[in-house]
Amino acid sequence: MPGRFGGRRSVALSVSLCLGLAALGSLPPPAAPPASAVSAVSAVSAVSAVPAAFAASAFGPLPGRHHPDDDRLSAETRPDEVASLGAEHAREHAERRLAARESTVYPQAARTSGLEALRTSQQQANARLDASRSGRFTAFFPSPDFGVHVAQLPTGKVLLFSFERVEVDPRKETGPTDRIGRTNAGRAYLWDPARGTGAGAFKKVEPPTVLMPDGLHVPRPAPFFCAGHAFLPNGMVGVFGGNVGGKGGSGARLSFVFDPWTELWYRNRDMSVGRWYPSVVTGPDGRQIIMSGQSERGTGTPTPVVERFPALRHPVPWRPYDIPLDLAPERFRADAPFRNDYPHLFSLRDGKIYGLGRDADQQWLFDLAAQTRTDLPRRPADFRGYGSAVPLPAGFRGPDSVLVLGGDPRDPNTYRLSGGAWSTEEPRAFGRTQDDTLILPDGTLLTVNGALATRDYGYGPFNPKADLKYRRTELRDARGHWRLGPAQRLPRGYHSNALVMPDGRVMVTGDELQQIANDPDIRDGMDGSIELYEPPYLHQGGSRPALDRVPGGELAYDEEFRVDSSTASRVKRAVLLAPTTVTHAVNTSQRHLDLRFTGTPGSGGGSIGLRTPPGAADAPPGYYMLFLLDAKGVPSTAKWVKLGHR
């Protein structure tokens, strides 16, 4: 849909943009699922709990409502493959045969030529740039997932999850937002950078099987796309909400965690309300606060209910083997009546939660202890769509200000909330929406991705071509000055994402339309793509600082500890960078802190004394990447440390 960002937009319009839908609508409250619909609590037990007859029913005639694609898939599924391969594997074969036939509508030649044109224009745009000043893109490779949601895990692996593809023509809706039944399903993968960039570096981590209250109750991998997520102190990712299905989508009550240690999903008790497009943030006590999201009634019905996970009667999952299982959330006393979804949420130095809504007059402060909400000043700019917000580094203390940027293609300004007041900061080169801004280890900022509107890259909606400017990165230095950087390969707008990896590189992914439009082989099952960017600090010449060993246990706050480095005399800074989990330009987990030295670096030979942040409000408990930096700002490869004692 064409973007209009000059004034306030209704929630119905903004949410209808999920997955590029042009049609608006809502569903009546769905019937509650039968008792038998309670799925198993893990990926393993969930699959075994679903009778084979139920699984097979996904390929036969379904009672009640269904989408025509169900009939096409049923007709394409071969009984001999079901008997020999099993229902799921047979279904995958059927999907690939359908995709091969449908790909003639948008032929492979168009995808191949499009990708080659983007490669050529990227090469030309970046030919004269100095990598030591601008950084450079170094890799582009296929991925089995679109990367609508991503998380950098403390194991070094990256979690990617989204939805099952329902179209191979990028001019059509590629996701199952308005579907019900089997085709409304989620999927998830792990990428292990240590294993390279080939297909063997990815592992499927199937979501739990669920029966959704959509009138069909057909088992399928949980449709948890367009959910909200944040990290727990034990390194697990809490995921809340998803898509029940139907015209325009509707909110699911689903609650899961992904365990990076066992590499399995676990289901918890449902939330009290359905949420589609909610936001989640981790507070200083390690509990997660969940806000907003469209309810079970569908698009245009954002819930004001705030919930906390886990409920206060349950202990916070703290150790790697503390698996949240069947835990309940609880209602927070204060409401959050955001008119639009995916507000930016941040836990700042004062220990309170800052809820920055897309509407200028919906900026709120939540007190976790008192369970109250108070008003913050109105933001200078009017309504903003999906754009970035970043808690700015503030030395060894936690952040006390937030920079809001993007979300309006007509407004290049950046806006800072600090000390309870807003100020207008230096603008970027141009306005953009659907952008992602990251804090790098050296404290500078990087913007990647972006578009003119939801699926408009400068030449009209749903057009796979793009204005080159939206592929340009931007970098902000320590003084707050912006400059344009190199162009990325693919234009990535809606559903685009990025994160900082432990080796200091940046992973860029997302935007299923562009990934399908430029798929080098639409038949191979690798629907997505990933790009890797090396910031300027990786091109300064010479070797990087070394971080050889860090403490293996938990570190208390305001505690001295020591790390080993064979290049200790070169170390000038030590920083903690929180790992990213992000979707729809909403990244609530970012945090950058300088660590205090307890002696002169290098004076202890190969040992460096450091002190952790003062308290949990400065850095919520959990896993952080520890980087050592030299005088040029070049970071070591990070090692993981865990902050906080129970």
Side-chain angles (χ1 to χ4, degrees), residues 5 7-9 11 14-15 228-230 275 277-284 288-293 302-304 306 332 334-368 372-394 398-408 411 413-425 428 431-439 445 447 578 580-591 617 620:
F5 294 85
R8 182 180 304 157
R9 248 196 304 186
V11 67
S14 67
V15 176
H229 33 90
R275 298 181 190 270
Y277 279 44
S279 296
V280 186
V281 66
T282 303
Q288 299 180 323
I289 303 298
I290 311 158
M291 297 187 194
S292 191
T303 178
V306 179
F332 194 78
D335 283 345
F338 289 106
R339 287 188 292 271
N340 285 280
D341 49 44
Y342 275 140
H344 292 291
L345 303 180
F346 297 103
S347 176
L348 297 188
R349 181 192 298 179
D350 57 9
K352 297 178 181 180
I353 303 300
Y354 289 70
L356 309 182
R358 302 191 180 281
D359 294 278
D361 63 338
Q362 293 199 304
Q363 314 295 309
W364 291 319
L365 182 65
F366 297 86
D367 187 310
L368 295 178
T372 58
R373 183 191 83 235
T374 56
D375 290 337
L376 289 168
R378 181 187 179 95
R379 191 186 59 228
D382 203 346
F383 177 85
R384 306 186 78 80
Y386 298 128
S388 306
V390 178
L392 291 173
D400 59 1
S401 66
V402 175
L403 192 69
V404 175
L405 59 170
D408 186 344
D411 182 4
N413 287 316
T414 63
Y415 300 93
R416 182 172 181 169
L417 176 65
S418 179
W422 288 94
S423 60
T424 301
E425 303 290 298
R428 293 185 294 185
R432 63 173 97 188
T433 186
Q434 321 296 329
D435 54 301
D436 296 275
T437 300
L438 297 169
I439 311 173
L445 303 185
T447 293
T580 281
T581 178
V582 60
T583 185
H584 292 73
V586 175
N587 187 337
T588 68
S589 65
Q590 289 198 91
R591 211 174 198 88

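Since the model is a prediction, treat every value here as computed from it, not as a measurement.
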With sequence neighbours excluded, residues passing side-chain hydrogen bond (donor to acceptor under 3.5 Å, both in side chains) with [X]:
{"X": "Q363", "value": "none"}
{"X": "T374", "value": "none"}
{"X": "D335", "value": "R331"}
{"X": "T580", "value": "N587"}

| field | Which residues share a ring pair (Phe, Tyr, Trp, His ring centres under 6.0 Å) with F366, sequence neighbours left out | value | none
| said: Once rounded to the nearest 0.5 Å, what's the spacing between atom OG1 of T583 and atom NE2 of H229? | reply: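 Taking OG1 in T583 and NE2 in H229, the distance rounds to 4.5 Å.
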Is a donor on one side and an acceptor on the other found under 3.5 Å between the side chain of [X] and the backbone of [Y]?
{"X": "S292", "Y": "S279", "answer": "no"}
{"X": "E425", "Y": "L405", "answer": "no"}
{"X": "R379", "Y": "L417", "answer": "no"}
{"X": "R358", "Y": "G385", "answer": "yes"}

Please list, chain by chain and in numerical order, all residues satisfying side chain to side chain contact (heavy atoms under 4.5 Å, CB included) with [X], sequence neighbours excluded.
{"X": "P377", "result": "W422"}
{"X": "A394", "result": "R349, D400"}
{"X": "D350", "result": "L348, K352, Y354"}
{"X": "A230", "result": "V280, T282, Q288, T588"}

| task | Applying salt bridge (charged side-chain N to carboxylate O under 4.0 Å, His left out), name anything that partners R591, two or more places apart in sequence or on another chain. | result | none
| field | By salt bridge (charged side-chain N to carboxylate O under 4.0 Å, His left out) - contacts of R428 (at least two apart) | value | D435
Between [Y] and [X], is there a side-chain heavy-atom distance shorter than 4.5 Å?
{"X": "P284", "Y": "S347", "result": "yes"}
{"X": "L368", "Y": "F332", "result": "yes"}
{"X": "L445", "Y": "L403", "result": "yes"}
{"X": "V390", "Y": "V402", "result": "no"}
{"X": "D361", "Y": "D375", "result": "no"}

Specify the closest pair of heavy atoms between [X] and [Y], including all atoms of both residues, with the distance to one decimal.
{"X": "P343", "Y": "G357", "answer": "CB-CA, 4.3 Å"}
{"X": "A336", "Y": "M291", "answer": "CB-SD, 3.9 Å"}
{"X": "L438", "Y": "Q590", "answer": "CA-OE1, 3.2 Å"}
{"X": "A360", "Y": "D382", "answer": "CB-CA, 4.1 Å"}

| field | Matching residue for R384 among N340, D411, T433, D408 - test: side chain to side chain donor-acceptor pair (under 3.5 Å) | value | D411
| task | For the residue pair H584 and Y342, categorise the inter-ring angle as parallel (less than 30°), tilted (30 to 60°) or perpendicular (more than 60°). | result |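 If you compare the ring of H584 with that of Y342, the planes turn out tilted.
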| request: Go through the steps for L376 and W364 under the test side-chain contact (heavy atoms from CB on, under 4.5 Å), then give the verdict. | output: CA-CA 5 Å; L376 289 168; W364 291 319; 5.6 Å; no
